[in-house]
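A, B, ... follow the sequence lines: proteins, then strands. Residue 1 opens every chain.
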Amino acid sequence: MREHLPILLVVLPMLAAPICSMLPRGRQAWLLATAVSWAVLAIAASLLIRVHAEGTISYALGGWPAPIGIEYRLDGLNALVQVLVAAIAACVLPFSGRSVQDEIDADRQPGFFALLLLLITGLLGIVATGDVFNVFVFLEISSLATYGLIAFGRDRRALLAAYRYLVLGSIGATLYLIGIGLLYALTGTLNMQDLAARLPAVADTRTAQTAITLVMVGLGIKMALFPLHLWLPNAYRFAPSAISAFLPATATKVAIYLMLRFVFDIFGVGFAFGRLELNEVLLALAAAAMLSASLAAMQQRDVKGILAYSSVAQVGYIVLGAALATPIGLTASLLHLFNHALMKGALFMAMGCVMLRVGRTDLDAIRGLGRRMPWTAAAFVVAGLSLIGVPLTAGFISKWYLVLAALEAGWWPLVILILVASLMALIYVWRVVALAYFAPNESQRREEAPLSMLVPLWLLVLANIWFGIDTRLSVAMAESGMRVLMAGPP
Amino acid sequence: MTDLVWPPALLMLIGALLISVLRGRWQALLILATPLCTLWAIWQLGDGVLQSAPFLGYSLELVEADRVRRLFATIFALMAFAGGLYALRQASWYELSAAYAYAGGAIGVCFAGDLISFFLFWELMALCSTLVIWSAGGDAARRAGLRYAALHLLGGVLLKLGIVGLILHSGSIDLRPLVLAGWDSWLILLGILINAAAPPLAAWISDAYPEASPSGSVFLSAFTTKAAVLALILMFPGTQLLIVVGLVMIFYGIIYALLENDMRRILAYSIVNQVGFMLVGIGIGTEMALNGAAAHAFAHIIYKGLLFMTAGAVLMQTGKRRCSELGGLYQSMPLTTICAIVGALAISSFPFTSGFISKSMIAQGAADQHLALVWYLLTAASAGVFLHAGIKFPWFVFFQKDSGMRPAEPPWNMRAAMLLMAFACIAIGCAPSALYALLPYPVAYVPYTAGHVITQLQLLLFAGLAFFVMLPWMKRTLTISLDADWLYRVLVPALLHAWLRLWRHIDDAIDGALGRLSTLWQRLVVAPHRPSGWIVASWTTGAMALGVLLALALLIWRHLI
Amino acid sequence: MSQPEPTKPQTLHWLQQPATIRRLWWLFAGILLLTIAAEFLVELHPHFGADGWTAFYAIFGFLSCVVMVVVAKLIGYVLKRREDYYERD
């Protein structure tokens, strides 16, 4: 049993999904999905502990050893990302109960939870597998589930948003597929470790270089790297509340993980950054993302829109740290990957509460929120402070490392860039907070969200504070992930 | 090494948290008990690093105690107690909660043994003090709080960059005396000086403090500037630049207080003046001068808190804040008047008050180092303190010509807090050895010599004579005085405006070529990011797909050439 | 918040009677002279020279205050603005 945990983690939600869809009532489906998400979190956590105690876990699927069979390979990096995905899922699912009841027709609710479980399967699978084609399979599972889930949104524009994501997502997946196809043609292997070992011999070929470019652009779409982010804002904005809380915290993070894995572990820094100078491209795009998306966020009139653009900007921070390719830079990048999931999860959840009570999330709906929904508003403030990077919140920790990495590399312009982008974050968060606390509203009625939503929301908010104060766990995890990446290809 | 110690800051923060939850009698009990427990914890601390915690891969020294740190923490805790008593019945729970967290931050700064925990507590103070200002409610408080927050944000960013730089350059996070060399130590000094209200970045203090609630300004007067003084004692003792900065602050404070009409703004300027004395002491940097700076901070917190309490009582009972509208209140508020006079005498360092035994140590420090000019200026400034705070404040608020108002004394808890502080002012002045025993270095100084008492009386009483002789020159006017905040409140907007006009003129001269350029930024950068702009909206699915393929083609082409 | 009644008292408070004020001035002047006189009874420890002169502190204190008031007055002409200065557009 114990040795099969890596595969159980992925299979459990996959098996639960069809059961879920066959359950007659949405409530039952929700209960099952919630139970599964907690079980998944428990498994993921136990795996992470095992990785730290015993080192990398390699699991051969169906007993076929790599490189012939598919290998699930858990190390300090992806075990952490798995826990992140599982933890956010375990928080969002209890939260989703009330908001799904409110936003989605009763007869469609079982289908919704089934798709959500498939999405979790896909994301966990991408992270766990050590096989690049298997990655593609899970990428498609998660993407198809996402398209469906976004289309559940109450607003009619959700359909268009889902359709656009479908087109762009499919292009991304196709580019990725062509890329790994070329690599397979060159090296004759799909196993990541094996690929990394054989790639140097053929690195000088144009085929290899084209393959890398295809993979990177394909993943760029999935992680919403500027300017390939165009699908994201509307998808997040019009998706059901639970989905807009889940996606930004997990889906883009998994894609970023994949990019890090390819660049550092498969292609190797020397090749991807040294020879092909991809780091320059990434740095430029990261900087553009931070400025352009923040500027867009500042001018949005819908809070979910603000948060969506802010997510694009935050992807910039994460890529920035990785592109520096120093130990501190990578640590910063991984920390921000983790911390940003916490803050964006909390912020979107707060908007889910507003959606439930007010029915919309535009800036007008926020007026006087501090009085009407004090706990929700306070949660937004704390998570917003974390997003800005105020000390004693998780956001401060990742920004601290980013500034440290930039100063260490002697890149003053990057320090200024980080400061300017933080200032812009302050402005767009402040717009919301000022309305919530200083704008009068004719309705002073208390209409706080139900506890079933407040508890998961505040769990994430407290996590933002916890990881802003006790950094032992998060920094140690990020550093162990960093060491995996810095070690490079085997 | 790490036995069980109660971090005093933590006690204060827990208290702040509980105050926000509890109500009624339990809340009142907590308000009074929290600072006392904290005080107890402070005095349980021996010297050295007592508690460390891992953070960001470093080992933080969360609690490091020594004599001067304990001294500042003690007065901060005492001030929290007096402020809590004063605010007990009148302040809202969120103001009290924020104020106690603010005090917790200040006490945390006192015991921070390394730069990172110092910065964390420092920022906690900035955040909570902003909340204290905002809890007064109303538009003026909101805007003043925003300006306050913006300036402290700037200070925080400078400090953070300096600290990161210092850690990178020296590899150590230890909080230690620094030499002003390299951008990192300069940034740290600048960040601290903003909090110390050194001109030209002092305007936030007279801008924000008078907008807080009566009790809010009592808390505000105590912590931020004095935490900065402690930071300077710990990091920049003997930095001669501070003498100059301090002297500028001293006279800036006097001149602006003389011009001011708002009673709490007079007191705010007077904080700048008093912190200036402390900075001079730190800049001189001898044991005598550092002792003086520390003792003066201790004494200052008490009498300035007292003065703000009396001003707050007047504000609460009359609803008036301008000297020109007040006067004659001694008839119906005798106790408040007496307390204000005690505070005023103490700030002017009259013999047998706390100011006398602390400020004179700084002057003695200057004399010992044969800094003649500094000494003469300090002596003139001592007379000036009596002028602007010692007489002006009580005279215009409680005496001068009768305003006709007969407000009652404030409630019992406010009276009790004022009496406590007034008693402390006199007790410290009459028995200085108790305070001297707490100072960082052994004290060999004897404040009460007949000569010292007589010369000080001469100086102050003739300053008083000057006040009454010059009284016609000090007619209160319904005015405010421009300060450095004018730069960001008026000049910058005006410059922008002028720039736009100039731009338009040049533009007209060259047939609108510039106009097209100026809209270029709008059109190319800002507008596209609007919800309807092209970067944000107007992408059809096909266009997106095409864009992706273009990006791909570009990247492949880049590799293949 | 108790709103005080703006009543004009019938008789002036003793502190406001002209006779009292006159007496206070005389008392004040007496004390001023006493402080100078007392200087001769004690031993001073001048640090720099000028501070050893007779009545140095009295003259220095008085003059520096006059200078500060005058300077403030002059600066006031430049810096003083109406109270609603920042509120106006």
Option passing side-chain contact (heavy atoms from CB on, under 4.5 Å) with B:Phe462 (candidates C:Leu63, C:Ile59, C:Thr35)
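The option that passes is C:Thr35.
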Chain B: which of C:Val67, C:Val70, C:Val71, C:Val78 shares the most heavy-atom pairs with it under 4.5 Å?
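Looking at each option in turn, the highest pair count goes to C:Val70.
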Between [X] and chain C, with a heavy-atom cut-off of 4.5 Å, which part of the residue counts as in contact: side chain, backbone, both or neither?
X	answer
B:Gln364	side chain
B:Phe251	side chain
B:Ser332	neither
B:Leu259	both
B:Ile254	side chain
B:Leu371	backbone

Could you tell me how the ring of C:Phe56 sits relative to the ring of B:Trp375: parallel (under 30°), tilted (30 to 60°) or perpendicular (over 60°)?
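It falls in the parallel class, under 30°.
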Of the non-hydrogen atoms in B:Ala466 and C:Val66, which two are nearest, and what is the gap between them?
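Closest pair (atom of B:Ala466, atom of C:Val66, distance): CB-CG2, 4.3 Å.
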For residues B:Ile454 and C:Ala38, report the shortest heavy-atom separation together with the two atoms involved.
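Shortest heavy-atom contact: CD1-CB, 3.5 Å.
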Flag the one option from B:Val469, B:Thr449, B:Thr379 with the top tally of heavy-atom pairs under 4.5 Å to chain C.
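Ranked by contacts with chain C, first place is B:Thr379.
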Rounded to the nearest 0.5 Å, what's the gap from [atom1] on [X] to [atom2] on [Y]? Could you check?
X	Y	atom1	atom2	value
C:Ser64	B:Leu459	OG	CG	6.5 Å
B:Gln458	C:Phe62	CD	CZ	13.5 Å
B:Leu460	C:Cys65	CG	SG	9.0 Å
C:Ile75	B:Leu258	CD1	CG	10.0 Å
C:Ile31	B:Leu465	CD1	CG	12.0 Å
C:Ile36	B:Leu457	CD1	CG	12.0 Å

Do the side chains of C:Tyr57 and B:Gln456 get nearer than 4.5 Å, heavy atoms only?
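No, side chains not in contact.
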List in chain and number order the residues that pass side-chain contact (heavy atoms from CB on, under 4.5 Å) with B:Arg143, two or more places apart in sequence or in another chain; answer none if no residue qualifies.
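With neighbours one apart ignored, the set is B:Asp139, B:Arg147.
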Could you check B:Tyr256 against C:Leu79 for side chain to side chain contact (heavy atoms under 4.5 Å, CB included), going step by step and ending with a plain yes or no?
CA-CA 10 Å; B:Tyr256 270 85; C:Leu79 291 183; 3.0 Å; yes
